[in-house]
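Take a look at the structure below.
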Amino acid sequence: MSEIDIRSIFKTEAKEIIENLESDVVRLEESSEDEKIINRIFRYFHTLKGSSGIAGLTHVYEFSHLLENLLDDVRSGHVEVTDSLIDLIFDSIDWMKGAIFSEDGTEVSENNREKLSSRIYAFTAGGREVITKETDEIKIAREPVESGAKYYNIKAFFKEDIFESGIDPLMIIEDLMSMGRVVSNRVIKKKLPSFESMDPECCYFGWEIVLETESAVTEIKDVFLFVEEENNITIEDETSNYRNKGSEEKLPLEKKIGEIMVDKGILTDKELNEVVTIQDKEGDRIGDIVVKKGYATKDDVNIALIEQERLKKKIELQTVRVDTIKLDNLLNLLGEIVIGQSTLTRIADEIDNEYGDELKRALYGINRTTREFQEQIMSIRMIPIGPTFNQFRRFVRDSAHLLGKEIKLIIEGGETELDKTVIEKIGDPLKHMIRNSIDHGIEPPEERVAAGKNRSGEIILRAYHQEGNVFIEIVDDGRGIDIEKVREKAIHLKYIEPDEEIAREKLLSFLFMPGFSTAEKVGDLSGRGVGMDVVKTNIDSLRGSVEIKSEKGSGSTVKIKLPLTLAIIDSMLVRIGKNRYIIPLLSVVETIRPAKDDIKTIEGKGEVLLYRGEFITLVRLYDVLGIDAEYHNPWEALVVIAESEDRRLGLLIDDMPGQQQIVIKSLDNYITKSRAISGASILGDGTVALIIDIFGLIEELGG
Amino acid sequence: MKIIKIKEETFGIKHARDFYNSLKDELIDNDEVVLDFAGVKRIDLSIAQIIIAAGRSARKNKKTIKLKSVSENLKYQMIIGGLKL
């Protein structure tokens, strides 16, 4: 592995670690005595130290070593968690980010590092004055090892020219040993020649180590991440040889949240059975049900969730790191298979004999396998949104400090999973809306107190699954949006007439129009009227939607609806004239042929269809799309009843050739700017069909 | 007796050949060589290997190599590297 490869792997790993690190430092600021958080921060710096050393970033290695010492003093209680310590850690993280992620590290000021180092020394020196050092003892196991530990026999033999790649095996072994208690350590020196004949730049040593540790085998493997390919590394789990069978401890098993609450005495078995029955019927989360029923508080549920997370981490998982590009390629290939299947299905339909039937049967089997294949790939692509949410902890903290506000960020539903493409693209829109909440929503402490609120404001980032979609909410308890100001601005910009009656939701949706801002002054963070339109565009590009709800004085909620996946969807193929279009099946309620009497024209609403007792707008798609249709009378044609966000409409089509899975391909703006079209797909016969986006269509028709 | 003072904070592969050559020379000329590690914060495996090989050679020739001013951290690294201190 070349040095560049190692650096690139290190950068990926470091990005993840630093995001977690920043999130945990904010948590530490809120709970300064939480030992778990302190230990985690220590381990992050320790890992950064080890990996940066291997990646040849000695300045980062040395600096993270200082920070590791600082955190060691914090966890031993010799250094107190104070505001200045938190500031120092954040400043240090910023320096490390520059050193790791700038192209060649030259943007990083050495002078700054020295200043930071002096600040760290000031803390550690002050703390260490009282430490009684046991100088005779070499501390091998830095981490206390708990009773659920495992025993690994690790053999590491390095190639002779390993030093040429800038890797020091000693550092790797040191890192390994820091993961637990070293039961035995044998340095294999038999290859070492005589002093006179040795090559001082060759590696001759190997190790055989038995390590007692709580870490999973994947974490042990991670220590050898950069060297495992070209060196002889073996890791064997020898727990059964070392553990006394009589006292063998039960391995942790993944537990359901309800079981944990029963174990903790929060719920009785009877109450658990009751809430499980409710969950089966209503599909709500157990946590929500127990709170609703009054069996537990939100805090109780959070405690149980934390315990569940802890147990999950204890369960050893065999995992591999895979480059996300490979996953994308795999999905693209699957997309091609789906298109190929559609072609075969079309051919099978055209063969009007027993071979056609056989082909159809064979294709049915392949379709089932492909669907399972797709579900598996999708599950690999699904990642929790928690890390994305967590990265805002520091942003909220720093922004609040800058504005002299007190804001607490609460994260709910971080375990909610989304397609990785959606996660990658949602970060910027979320940041923009959080920034708005900080800048315009949450009031300064004095203003909040005067309004009878807590000094400290709250921003809740919440994610949850519902009806095949993922919802993300940004909720703040700030001053809310002044709807009258929005109205005035909308009149000023001539979006509405001064005397026009308009729904509150519609007024608030103007906030997503370019240049629309009701902020009285432009802040450092926001208020320029630039951004919310970009937020909406970004979310639209994800086939999602966004809406705002707000009450003056109480706060605002921005609700984003996103599809679970962007790649392959179930769809309904429809024909209008000679053209075929695709409607996502999730948007389809049913397809009907209406009676002539059910079609009316209502003043102010246009053409409507009486559907199940209510009038819904009838959309002649051929008019909207500017094409010819076979039928113009709705009672001769078919009407697809489609819905989006509780709004229904009827779409006039000629025919419905069938349902199928389609691979979504994006369309550039020069092909169509219509919001009613969200993409395209290649059909089985190789032709392209456009995808009709119901939400976009409703928006384009003016709500 | 010869004292070799090591000045580098991080003493590793970059200095291994020079260190090896000077240690080899001093072991020819002296019965006792002292390696002064004051100020050294870290060594790598190449240095540990040289010290171990030199120690074996010195014992065979009835000579001595001593280590001086070894910090706790350095002692820890040397033990992991196979030195007995």
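First the proteins, then the strands, lettered A, B, ... as listed; each starts at 1.
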Minimum heavy-atom separation for A:P200 to B:A16, with atom names?
O-CB, 3.8 Å
Criterion side chain to side chain contact (heavy atoms under 4.5 Å, CB included) on B:I13 and A:E164, from CA distance to verdict
CA-CA 9 Å; B:I13 188 70; A:E164 281 177 22; over 6 Å; no
Do you know the tightest heavy-atom contact between B:I43 and A:L170?
O-CD2, 3.7 Å
Take A:F158 and B:L45 through the test side chain to side chain contact (heavy atoms under 4.5 Å, CB included) and record every step on the way to the result.
CA-CA 11 Å; A:F158 300 93; B:L45 181 64; 5.6 Å; no
Considering only heavy atoms from C-beta outward, does the side chain of B:I52 approach that of A:F195 to under 4.5 Å?
no
Evaluate the side chain to side chain contact (heavy atoms under 4.5 Å, CB included) criterion for residues A:D199 and B:Y20: first the C-alpha distance (whole Å), next the side-chain angles of each, then the deciding distance (0.1 Å), finally the verdict.
CA-CA 9 Å; A:D199 178 346; B:Y20 170 76; over 6 Å; no
Does the distance from a Lys or Arg side-chain N to an Asp or Glu carboxylate O, for B:R42 and A:E174, drop under 4.0 Å?
yes
Answer yes or no: does atom NZ of B:K63 have more than 12 heavy-atom neighbours from other residues, nucleotides or ligands under 6.0 Å?
yes
Segment of B:K14 engaging chain A (4.5 angstrom heavy-atom cut-off):
neither
Ignoring hydrogens and geometry, is there a side-chain-to-backbone donor-acceptor pair from B:Q49 to A:F205 under 3.5 Å?
yes
Report yes if some heavy atom in the side chain of B:T10 is under 4.5 Å from a heavy atom in the side chain of A:Y61; otherwise report no.
no
Please check: side-chain N/O of A:W207 versus main-chain N/O of B:G81, any donor-acceptor pairing under 3.5 Å?
no
State, to 0.1 Å, how close B:D44 and A:D168 come at their nearest heavy-atom pair, and which atoms those are.
CB-OD2, 3.0 Å
In terms of heavy-atom proximity below 4.5 Å to chain A, should B:I47 be classed as side chain, backbone, both, or neither?
neither
If you look at every heavy atom in A:I173 and B:I80, which pair is closest and at what distance?
CG2-CG2, 3.4 Å
Side chain, backbone, both or neither: which part of A:E62 has an atom under 4.5 Å from a heavy atom of chain B?
side chain
Can A:E201 and B:R17 be counted as an ion pair, charged N to O under 4.0 angstrom?
yes
Are the side chains of B:S57 and A:E196 in contact, using a 4.5 Å heavy-atom criterion?
yes
